[in-house]
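As structure tokens, the structure follows; a few thoughts come after it.
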Amino acid sequence: MNTNELREAYLSFFESKDCVRRPSDVLVPKDDPTVLFTPAGMNQFKNQFLGIGPLEFTRATTSQKCLRTGDISNVGVTAYHHTFFEMLGNFSFGDYFKREAIHWAWEFLTDSNWLALDPTRLSVTVYLDDDEAFNIWEKEIGLPKDRIQRLGEDENFWPAEAPSKGPDGVCGPCSEIYYHPPSGGKEVEIWNLVFTQFNRVGDPPDNLRPLPKQNIDTGMGLERTAAVLQGVESNYEIDILKPLCLAAGEVVGTKYDFTAKEGRAIRRISDHVRACTFAIHEGATPGSKADAYIIRLLLRRAFLEGYLLGHKEPFLHEIVPTVVDLMSVPYPELKQTVENVQDTIREEEEHFLGTIDRGLHKYDKLVKKANNSGTKELPGKEVFDLHQTDGFILDLTSALAADQGLTIDMAGFKIAEENHRRRSGGDVSWGVMAAGPLDGIQQEHGETKFLAYEGISSDAIVVGMIVDGKPAESVSQPGTLVDVLLNQTPFYGESGGQVGDQGVLKSSKGEIEILDTQKHAGLIVHRGRLSSGEVHLNSSVHAEVESHRRHGIQRAHSATHLLHHALHIVLGEHAMQRGSKVENDHLRFDFSHGGAVTSDELRKVEDIVNSRISEGASVSTTFMDIKEARAQGAMALFGEKYPDRVRMVSIGEYSKELCGGTHLTNTGQVGVFRIESEENVAAGVRRIVASTGKKALERIRDQEELLKEVAQQLKAPQFEDLPRKVSLLQDELKTLKQQLTQFTKASVKDAVSHLLENAEQVGDAKVVCHHLKDVDRETLREYADQLRQKGKSIAVLLGAEIDGKVALLAAVSKDLVKQGVKAGDCVREAAKIVGGGGGGRPDLAEAGGKDASKIDSALVKGAEIYKNLLAK
Ligand code: ATP
Ligand code: MG
């Protein structure tokens, strides 16, 4: 059975058990701060499991795209771990439970209409005291006792070790199903059935309370089960992975074979490229933080594997089309971003290529040093330096080190990182929202009724307040920072790139100024500061959004849709949205595009947007089924999660986007649109920053003012005269520079003759050590050159203070170099006196230093060194 057939069989089997087939959730979640990537099938059903919000169905089945960063080190090593894999799941929200979950799993695995696996090859585990599960397996399924193993909470509980260690909340025992291959190889876990039946409250004993509504959450590994069905020894040998390994082998010029020594490297390359293809398709990019950091790590790790196999050119991007092909049945949409994904990966490869040699060299030195001093630990400070300056990010070095049985001094790394953060000005942010109390408020009061589409003010009731992360009954201390929850609100919570609203909440007794609005699950959180009086829980307030700001935001948002439309016309359909930020009359729009956008293209884009504005087309919004919206050609983003009912924003006949933001009613209200800049933000991603309405006008005026000022300074009555005036000035400057150089050369010539006349004679050689005043680096070099030319046998050391620092320059004529007089030897010792260091070639060497008051002593020292060397 191939993988596509297996996926389909699983989903239809559970459909026959009345589970609703749901699409995979996104791989890179944008609204769940607790995970970087979706790690399991259950994540999209968190609210259903917690009993938050309405339940549209109580049984579901999915094939979920997953990425587990915790398994990175297993990849290529074990036969059954990937970073990216698909998890087949069936779920019950207070509906069927243990008995059905076990029976159906068994039926699917062993029934001749389904997978028809040999039952004697299967064994299971249950949680220590889960007799219920044990009995179902033994008495109802008929599994012999010796194939049912009881394991502790570290293995068979979800979350692991929850009973003794927590966290509090929903948890339960699980039961895993293993397959024992006929080859006699190690058994493999293919399916885990989790029975969430408890609420944990506090520490043991008696801390597991039965839940009124019990849930089922199961996960079966698609690739692992396919390997079992296809009778192969490893996941990497199945229909969708073997061809990928072969293709990767071909690209790096090594024939892939499962048992070959290079096998592990090629499996890692294949796995990581597959994971990155899916993540970048959804808009992730390599970078230094969070999910971006993981993408960077995966790409660099994979690249390094190829590099160490001797392939020293970018190659990962060449593997992407094979991934897309192999996954095209379940994920046809990958085809639409294949070029963007390749561009992104290639750029990251090129970037890393620039530092990889230096990094490897430094890394090897560290390992040698550690080995010589008999330690198994690499020093944290140096590892941080590799991380910061050579592209060998921490986890990459860790992985390399682990392969050689070495560890990293993490305490030292943390200190170096902290020092660096302090030097470069760390980031500050408003405290995180307290998820615990927020979930509690939502469970009690339900979601916030959202009125932002209807207007900008409304009456409301305060249903919750949070101060310092804890629920509060009232606030009365002026200046207190408070998160306020209302039963309904006209405030827009930051989402879809649009910033949150600001405004005010007024009660009869006090006022809270709202500085920002955020979303948390179904809640809208007003983040404010008490400005006067006091505000109590359950009091009535009047909620008022700051209207000028909101209008500015709406102008920017509708203009963003116009910009997206114009980019498609000017650059092509590939210029898809990758990120967006909509603020008061200001917008930032990131999109896929290979190279820079030319100024001609930018002008065209700006023109199209402005003509759409002057046409005054109507902007309308409608709610409809996602299917209907797609059929109408609405633009949706990959990696964005859409509900079944979506909101479509249409402008004229030309723009239809799925969007939850607030908009104008007519494009004319944008006023003006002006592009401020265009730049590269990440590999294959460009950014346009633009302004609208009042801000656009202000910017144009500011620039005009600037021009006026320049015109006045240049005494050019007309702006048109400016270019000519400037080029005249440039010509004048050029002539002056040339004259100055000639003049400097001439004066250096005089000074050099003087120095040579007064030079100290040591045998046949001259020694000149001199302190120069008011010179720049170029002149300093000019001195050294001329002295060497004219002095024949000469050793020179020049010192000067330039821009507050010491510059030392040593030069030695060729004949003296042959005698063993080296410029580097002199300058190195002299530099120590001025608190610096340096070096260079035997005939020319430079050094810097801090203490200018010691230049003369440094020169004396230099002369001494030369004399000693000449005496030998
Ligand atoms: P293991 O102990 O083998 O890492 P797990 O206990 O972490 O597995 P679960 O979290 O129970 O696995 O996930 C459910 C199923 O998903 C597993 O039974 C397995 O079939 C599959 N699975 C989990 N992790 C991976 C992975 N990294 N690569 C491929 N399949 C996986
Ligand atoms: Mg695991």
Side-chain angles (χ1 to χ4, degrees), residues 3 6-7 10 24-25 27 35-45 61-91 101-102 105-106 108-109 115 117 122-127 133 149 151-162 171-181 185-196 215-230 232-241 244-245 267-268 270-272 274-275 278-279 294 298 327:
T3 317
L6 168 60
R7 190 187 298 103
Y10 185 98
S24 170
D25 192 8
L27 181 65
V35 291
L36 297 180
F37 299 97
T38 301
M42 66 80 67
N43 289 67
Q44 71 165 305
F45 300 117
T61 182
T62 61
S63 176
Q64 174 64 45
K65 301 184 270 186
C66 298
L67 200 160
R68 290 194 173 179
T69 54
D71 281 332
I72 291 179
S73 59
N74 286 327
V75 169
V77 180
T78 76
Y80 296 109
H81 283 95
H82 311 289
T83 53
F84 174 87
F85 66 100
E86 287 174 86
M87 195 187 282
L88 298 164
N90 64 284
F91 309 92
I102 292 178
W106 192 255
F108 181 66
L109 290 173
L115 301 192
L117 290 179
L122 298 171
S123 74
V124 304
T125 62
V126 298
Y127 176 55
Q149 201 185 355
L151 292 176
E153 60 171 31
D154 49 338
E155 290 285 342
N156 276 41
F157 216 88
W158 184 89
E161 302 183 279
C171 62
C174 63
S175 178
E176 296 169 335
I177 305 176
Y178 285 81
Y179 179 78
H180 301 252
K186 195 178 173 327
E187 75 274 15
V188 50
E189 177 195 329
I190 53 174
W191 202 343
N192 190 2
L193 317 176
V194 182
F195 316 123
T196 40
N215 303 318
I216 289 295
D217 154 25
T218 87
M220 163 161 153
L222 174 78
E223 295 81 357
R224 290 188 188 184
T225 312
V228 167
L229 292 169
Q230 295 170 22
V232 290
E233 285 284 289
S234 154
N235 283 14
Y236 290 88
E237 295 290 291
I238 65 173
D239 58 328
I240 52 169
L241 287 167
L244 183 60
C245 292
R267 286 191 291 278
R268 268 190 194 152
S270 308
D271 171 88
H272 293 1
R274 193 165 90 116
F278 273 88
I294 301 293
L298 292 174
M327 303 306 288

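The figures that follow rest on heavy atoms only: side chains count, while hydrogens, waters and symmetry mates do not. Note that ligands are numbered from 1 as they come in the structure, with each ligand's atoms numbered from 1 the same way.
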Is a side-chain donor-acceptor pair under 3.5 Å present for His81 with Arg224? yes
Is there a nitrogen or oxygen of Met220 sitting under 3.5 Å from a nitrogen or oxygen of ligand 1? no
Glu233 atom CD, neighbour heavy-atom count above 12 within 6.0 Å: no
Numbering as shown, the atoms of ligand 1 that approach Asp71 to under 4.0 Å (heavy-atom distance): 24 (N), 26 (C), 27 (N)
Could you name the option among Glu86, Met42, Arg68 that has the heavy atom nearest to atom 9 (P) of ligand 1? Arg68
Listing, residues 83-91 side-chain donor-acceptor contacts under 3.5 Å, not counting sequence neighbours, or none:
from: Thr83; atom 1: OG1; to: Asp271; atom 2: OD1; distance (Å): 3.4
from: Thr83; atom 1: OG1; to: Asp271; atom 2: OD2; distance (Å): 2.6
from: Glu86; atom 1: OE1; to: Arg7; atom 2: NE; distance (Å): 2.9
from: Glu86; atom 1: OE1; to: Arg7; atom 2: NH2; distance (Å): 3.3
from: Glu86; atom 1: OE1; to: Ser63; atom 2: OG; distance (Å): 3.4
from: Glu86; atom 1: OE1; to: Tyr331; atom 2: OH; distance (Å): 2.8
from: Glu86; atom 1: OE2; to: Arg7; atom 2: NH2; distance (Å): 3.0
from: Asn90; atom 1: OD1; to: Tyr10; atom 2: OH; distance (Å): 3.0
from: Asn90; atom 1: OD1; to: Thr218; atom 2: OG1; distance (Å): 2.6
from: Asn90; atom 1: ND2; to: Tyr96; atom 2: OH; distance (Å): 2.7

Checking Val75 against Tyr236 for the side chain to side chain contact (heavy atoms under 4.5 Å, CB included) test, could you report, in this order, the C-alpha distance in whole Å, the side-chain angles of both residues, the deciding distance, and whether it holds? CA-CA 10 Å; Val75 169; Tyr236 290 88; 3.5 Å; yes
Hydrogens and angles aside, do Asp239 and Thr3 bring a side-chain donor and acceptor to less than 3.5 Å of each other? yes
Heavy atoms only: which of Ala227, Cys66, Gly219 is nearest to atom 15 (C) of ligand 1? Gly219
Report yes if some N/O of Asn235 lies less than 3.5 Å from some N/O of ligand 1; otherwise report no. no
A student checking ligand 1 against Met87 at a 4.0 Å heavy-atom cut-off should list atoms 13 (O), 14 (C), 16 (O)
Find all atoms of ligand 1 within a distance of less than 4.0 Å from any non-hydrogen atom belonging to Ile190, and give their numbers and elements. 18 (O), 20 (O)
Could you work out, with ring pair (Phe, Tyr, Trp, His ring centres under 6.0 Å) as the rule, every residue matching Tyr127, not counting sequence neighbours? Phe157
Only heavy atoms count here, so choose which of Glu176, His82, Glu189 is nearest to atom 28 (N) of ligand 1. His82
